[in-house]
Amino acid sequence: MSDISYAAQLSILMRMTKGVVFMFKVVSLVTLLCFAYHTQAQTKTCDSLESLAWLLGNWSAHNSKLKIDESWGKISNQTFEGSGQTYSIKKDKIVSKETLRLVEMSGEVFYIAKVSSNELPVAFKLTFCTADTLVFENSKHDFPKKLRYQRFANNKMTVSVSGDNGKGFSIDFISN
């Protein structure tokens, strides 16, 4: 038999349990803080054009009906200027053009598009980015509401244009 009373053994066991629970809380808190820091470090790149530099250059896409070109150039550290055009192979002419800008202002990035169907340019805010993905949104615009640029290996990129109720399309580009 043990020289320690049952009450003393229970007291020791309770203190050990509290120690284990305390250690679990500390480890959980440290894990949570590391995750939060890592997430913040990933999204911090959304506040400047530096992480969007992979867009610079000429991109093209084509099928049996259309040839689509999009080009981006760096004007300054706060501005990229772009243009896009769609050429109809059947009609043998350009059927649409757009003037594009990426602008860094007040710690945020905006995609500004001037298309012939809108009298004024339309701005989309960069809401999400990683090394290979950019998402621009404007929930108040009729269509599109979201533009998603996704970079892939071998100089490829997909641009997804989407709106309400599943309306949208994607274009698969390759860098020239």
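Only heavy atoms go into these numbers, but all of them, side chains included; no hydrogens, no water, no symmetry mates.
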- prompt: Taking it one step at a time, do F128 and L126 satisfy side chain to side chain contact (heavy atoms under 4.5 Å, CB included)?
  reply: CA-CA 6 Å; F128 176 80; L126 181 64; over 6 Å; no
Result of checking L55, T133, D132, T158 against Y149 for side chain to side chain contact (heavy atoms under 4.5 Å, CB included):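 Of the listed residues L55, T133, D132, T158, the side chain to side chain contact (heavy atoms under 4.5 Å, CB included) partner of Y149 is L55.
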Counting distance only, does the side-chain N/O of [X] pair as donor-acceptor with the main-chain N or O of [Y] below 3.5 Å?
X    : Y    : result
K67  : N63  : no
K90  : K65  : no
K114 : N118 : yes
R151 : W54  : no

Tell me, do [X] and [Y] make a side-chain contact under 4.5 Å, heavy atoms counted?
X    : Y    : result
N165 : K167 : no
L52  : V109 : yes
P144 : L147 : yes
F152 : N154 : no
E70  : L100 : yes
L49  : F80  : yes
Y87  : D69  : no
C129 : C46  : yes

Single-linkage hydrophobic cluster [X]~[Y], side-chain heavy atoms < 4.5 angstrom:
X    : Y    : result
I68  : V159 : yes
I89  : V95  : no
L134 : M105 : no
F143 : V122 : yes
V135 : I112 : no

- request: Would you please test E104 and F110 for side chain to side chain contact (heavy atoms under 4.5 Å, CB included) and show each step?
  value: CA-CA 6 Å; E104 177 186 328; F110 295 90; over 6 Å; no
Pair E108 + K125, salt bridge at N-O below 4.0 Å: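 Yes, E108 and K125 are salt-bridged.
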field: Any side-chain donor near an acceptor of the partner, S83 and S71, under 3.5 Å
entry: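 No.
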query: Just checking, is any N or O donor in the side chain of E137 or T127 under 3.5 Å from an acceptor N or O on the other one?
result: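 T127 and E137 do have a side-chain donor-acceptor pair below 3.5 Å.
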query: Taking atom NE2 of H62 as the centre, does the number of heavy atoms from other residues, nucleotides or ligands within less than 6.0 Å exceed 12?
result: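 Count not over threshold, so no.
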query: How far does NZ of K74 sit from CG of L56, to the nearest 0.5 angstrom?
result: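 If I round to the nearest 0.5 Å, the distance is 7.5 Å.
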- request: Please identify each residue that fulfils side chain to side chain donor-acceptor pair (under 3.5 Å) with K156, with sequence neighbours left out.
  value: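 In terms of side chain to side chain donor-acceptor pair (under 3.5 Å), with neighbours along the sequence ignored, K156 is linked to no residue.
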- request: Grab the two heavy atoms, one from N176 and one from S60, that are nearest each other, plus how far apart they are.
  value: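 Shortest heavy-atom separation between N176 and S60 comes out as OD1-OG, 2.9 Å.
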- prompt: Is the gap between the ring centers of Y111 and F136 under 6.0 Å?
  reply: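 Distance test on ring centres: under 6.0 Å, yes.
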Test side chain to side chain contact (heavy atoms under 4.5 Å, CB included) applied to L102 and W72, step by step: CA-CA 9 Å; L102 288 169; W72 289 97; 3.6 Å; yes
